[in-house]
Amino acid sequence: MSISGSTSGTNSGNPAGNDPAPRLDRAAVAKRAARDLVDGSTVNLGIGIPALCADFLPDGVELLYHAENGILGFKELSAPGEGDPNLMDAGGKFPKLVPGMAFFDSVESFNLIRGGHIDVTVLGALQVSRTGDLANWIIPKRGIGSIGGAMDLAANAKRVVIAMEHTARGDMPKIVEECTFPLTAPGCVDEIITDIAVIKIDRASGRMILRETAPGWSFDDVQALTEATLVVDGEIVVMS
Amino acid sequence: MSISGSTSGTNSGNPAGNDPAPRLDRAAVAKRAARDLVDGSTVNLGIGIPALCADFLPDGVELLYHAENGILGFKELSAPGEGDPNLMDAGGKFPKLVPGMAFFDSVESFNLIRGGHIDVTVLGALQVSRTGDLANWIIPKRGIGSIGGAMDLAANAKRVVIAMEHTARGDMPKIVEECTFPLTAPGCVDEIITDIAVIKIDRASGRMILRETAPGWSFDDVQALTEATLVVDGEIVVMS
Amino acid sequence: MPINKISDSFADAVADIPSGASIMIGGFGGAGGQPTRLMMALRDLGVGDLTIIGNVAGISKTTGYGWPDHLDPIDQGMFFESGQATKITCSFPVPGTTNPLSEIERAWREGRAEVDIVPQGTLIERIRSAGAGVPAFYTPTGVGTPVAEGKEHRDFDGRTYLLETALSADYALIRAQKADTRGNLQYTGTSRAFNPAMATAAKVTIVEVDEIVEVGGIDPERVETLSTYVNRIVQREAGDPLP
Amino acid sequence: MPINKISDSFADAVADIPSGASIMIGGFGGAGGQPTRLMMALRDLGVGDLTIIGNVAGISKTTGYGWPDHLDPIDQGMFFESGQATKITCSFPVPGTTNPLSEIERAWREGRAEVDIVPQGTLIERIRSAGAGVPAFYTPTGVGTPVAEGKEHRDFDGRTYLLETALSADYALIRAQKADTRGNLQYTGTSRAFNPAMATAAKVTIVEVDEIVEVGGIDPERVETLSTYVNRIVQREAGDPLP
């Protein structure tokens, strides 16, 4: 859990009106991120766009959702007003009791994370650097922030995927050469999925490879909203 | 659990026949050790004489027995042939299921020990030094030994009591100035209860204080079978 | 006869907590697993200069985090609103930007409180270590971040780790669903969270439960906190409307 | 559809274990909690140069430790009798002086096996640390003893501690009573011991169970090993006479 869900939600789109085509909505970003989740994986989804991934799993894919507060194997939320305070997820919501769930304490929950047993975590971000540094827990001018499980997840999950809007308020780039915000973890991000692009980070070579663009967006269009230098390595396909 | 129970059991008494009076039997040593156990304490008893303490608790005293293999609150053993392999103590015996027991894994079991939550452990010994060093896990000439939970218990229990025969085979002293056997833990023993004496170790001053002697045994009689120098500090009473 | 661990009231259970004490407060954040009645008793006791150790702390009142919609949330912010607490160590004291300031953030901004923010996995492992007799351990979490400042770095097998130290407290206020009279505890669902580890890491552990049963009333397989760790137990009133 | 973790036979479940592998064997010592059928399958597989990681190891056959009187004990000594194992890390490999030599002690005396004896609390914490992503920790246990030789010593708050490192393995053979088809595990009584921690610390965890149930067949409060840690499950034959 990190605060990035709520903070990246403050992006107000494209006030200047010079986008070549519409950006994807949050659901579409989540849907694209969900497509890469592998059946049977143990997965931790951050709040915001990442949490929406659960609504868009491909047919036949079943994931084992983990939340930091000590639950594995939850699915949908209870109806409003029907939740049990003793059956909570890490976002403070109340899932339903379903077969196969497991409850445990916070020691065990972070053994699972720190021990590298989480296959994938999908998180939000304030900034991601070209080499995969992630900043998603504090806005410097606020002076105080919340870490929660974000540092443990970012540093230790087998795969770290960022699902977010491509830019912050006023089209300020969030994908940067070097993060100026305090880090959550250095060199941890494997892939970024945004409302205009899918970018793979090749940490070994320090390259950001543009893999996909939203319909109507070119390499140059995406690069214009990205401070970090993007490269092409193989075909660029249209996001779907 | 340490091997000392079985090894200290090899003492063959007093072959030279020059004892001033009989030595106490194993049950009497255990009974004397049991008298100091405080109601409600969490206690770990080693095998041999220490394990016998459970048979001699004063009226009204109820202890919470812990065994390293992950059980708290056990009492008597099952009848021969009736034990359940999934309800074992650390000595490999099978206690009965009684109300209030708790089962847990070895991580939790040693959190309890290492964390200093065991009020008293009663252990056997091969040697105890004047400053409370304990050796009870390996006989040097054998070259190989078993540590089990002995080092964790000796180093971390709030109070370490040794219950043993005063001397080894041939009246070789076990209570010595310096241990010649490899240590289980240095400076850990609080009290020694043997078949001829009760000795308190004042670790702050490095003194062994003789508190009690078996009926018919004088200070000098006990000192003669003790390599470490004993001192008197207060009255010496007769063991009972 | 073992010591009687049962307190007659929440006020009695916390009565000896002095000003200046460090207090662990169990649960995860949210209503479930939070020792709400013990917290209210500590607030009513009025002692000050407290150091609080929590997890998700003080964000429920302004965000509703982890509380059913029909109830007014109660959270660790109460000790900062009352001015009793001057420090908190926790992982998540700041709500999102769209929410009003929490009591903890307000106290921090006004210079009334020190806020020590620790990664959640490091926080729980530090607490667990205090109970388990481990004075320090290495973790990969926080390397290359502000959390690493001033800490020892060390490489094992080519990866860099931080040295983190055990975190104990004078008191732990925790919440369980069931206790037996000896002090064995059983939890329900996700209410375990920080409670079992905190029970092991404080000099005095005080537990708020729904129900106290006789010895034998908890399945030996379901004793999630051993009685050895528990000093005081208080039972809630039947039908208490708070979770 | 999640991966099928169920193996058809004990032989299948261990078939890919190569010579030279390191193998954790669960339980405490004694019949309860020991993955006896998996051990027999590994012996029958015949691979060699194995490193075994156990706890109380190889003393049941000569002492009866932890076995019902009417059965012939089976223990980790089998891998030393067969010559498959060349090393063991454990806490208790030597029976009392009044007992015949164990297979492990005999192999050690004959120079066929290296025996690494570790304090039990340090052993379980090293295994737990490997699963929990902690590369090293400090413990008070072993200071001033042969166990401390060559290890880093460090003082915290005036007491001296040893640095101990995480201990992982290629395979863990463990024993539980119940598994669901997803791989969640439930244990009975004192059979937990080293099993849950070992499940987290090996590259491949293989579980021997009495019963495999559908998902939902284990109470969510009683999942003592999470399915994430489990790679293969084998069910014993109904009425297996071994504990």
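This one's a predicted model, so the numbers in the text were calculated from it and none came from an experiment. Order of the sequence lines sets the chain letters (A, B, ...), proteins ahead of strands, with each chain counted from 1.
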Would you name the heavy atoms of Tyr65(D) and Gly92(B) that are closest together and state the gap between them?
CE1-N, 3.4 Å
Checking Gln177(D) against chain B: side chain, backbone, both or neither under 4.5 Å from a heavy atom?
side chain
Say whether, by atom type as modelled, one donor and one acceptor occur between the side chain of Ser191(D) and the main chain of Asn86(B) under 3.5 angstrom.
no
For atom CD of Glu211(D), decide whether the heavy atoms of other residues, nucleotides or ligands shown that lie under 6.0 angstrom number more than 12.
yes
If you tally heavy-atom pairs under 4.5 Å against chain B, which of Pro93(D), Gly27(D), Pro243(D) wins?
Pro93(D)
Any chance you could lay out the side-chain contact (heavy atoms from CB on, under 4.5 Å) test for Gln120(D) and Phe110(B), step after step, and finish with the verdict?
CA-CA 8 Å; Gln120(D) 197 168 127; Phe110(B) 281 86; 3.3 Å; yes
Measure the OG1-CG distance between Thr122(D) and Asp152(B) for me, rounded to the nearest 0.5 Å.
5.0 Å
Could you have a look at Ala31(D), Ala57(D), Pro68(D) and say which one has the most heavy-atom pairs with chain B under 4.5 angstrom?
Pro68(D)
Atom pair CZ/CG of Arg142(B) and Leu101(D) - distance to nearest 0.5 Å:
6.5 Å
Which value, rounded to the nearest 0.5 Å, describes the distance between Asn156(B) atom CG and Thr139(D) atom OG1?
6.5 Å
Looking only at Arg128(D), His70(D), Glu125(D), the option with the highest number of non-hydrogen pairs under 4.5 Å against chain B is Glu125(D)
Please report the shortest heavy-atom distance between Ile147(B) and Pro119(D), naming the atom on each side.
CG2-CA, 3.7 Å
Phe104(B), part contacting chain D, at a heavy-atom distance under 4.5 Å
backbone
Ranking Thr145(D), Thr63(D), Val118(D) by heavy-atom pairs under 4.5 Å to chain B gives rank one to Thr145(D)
Would you confirm whether Thr190(D), through its side chain, and Asn69(B), through its main-chain N or O, come within 3.5 Å as a donor-acceptor pair?
no
Counting only heavy atoms closer than 4.5 Å, note whether Val115(D) contacts chain B via side chain, backbone, both or neither.
side chain
Rounded distance [0.5 Å steps], CD1 in Ile144(B) versus OG in Ser102(D):
7.5 Å
Looking at Asp155(D), I'd like to know if its CG atom is crowded, meaning that more than 12 non-hydrogen atoms belonging to other residues, nucleotides or ligands lie closer than 6.0 Å.
yes
Where on Asp84(B) is there a heavy atom nearer than 4.5 Å to chain D: the side chain, the backbone, both, or neither?
neither
So Pro196(D) and Val107(B), do their side chains get closer than 4.5 Å, heavy atoms only?
no
Determine whether more than 12 heavy atoms belonging to other residues, nucleotides or ligands lie under 6.0 Å from atom NZ of Lys75(B).
yes
Leading residue by heavy atom contact count with chain D [cutoff under 4.5 Å; candidates Gly143(B), Ser106(B), Ala155(B)]:
Ser106(B)
Roughly how far, to the nearest 0.5 Å, is OG of Ser146(B) from CD of Glu105(D)?
8.5 Å
Just by distance, do the side chain of Arg114(B) and the backbone of Gly121(D) share a donor-acceptor pair under 3.5 Å?
yes
Glu110(D) atom CD, neighbour heavy-atom count above 12 within 6.0 Å
yes
Name the region of Arg159(D), side chain, backbone, both or neither, that has any atom closer than 4.5 Å to a heavy atom of chain B.
side chain
Other residues, nucleotides and ligands only: do more than 12 of their heavy atoms fall within 6.0 Å of NZ on Lys178(D)?
yes
Rounded distance (nearest 0.5 Å) linking atom CD of Glu68(B) with atom CG of Asn55(D)
9.5 Å
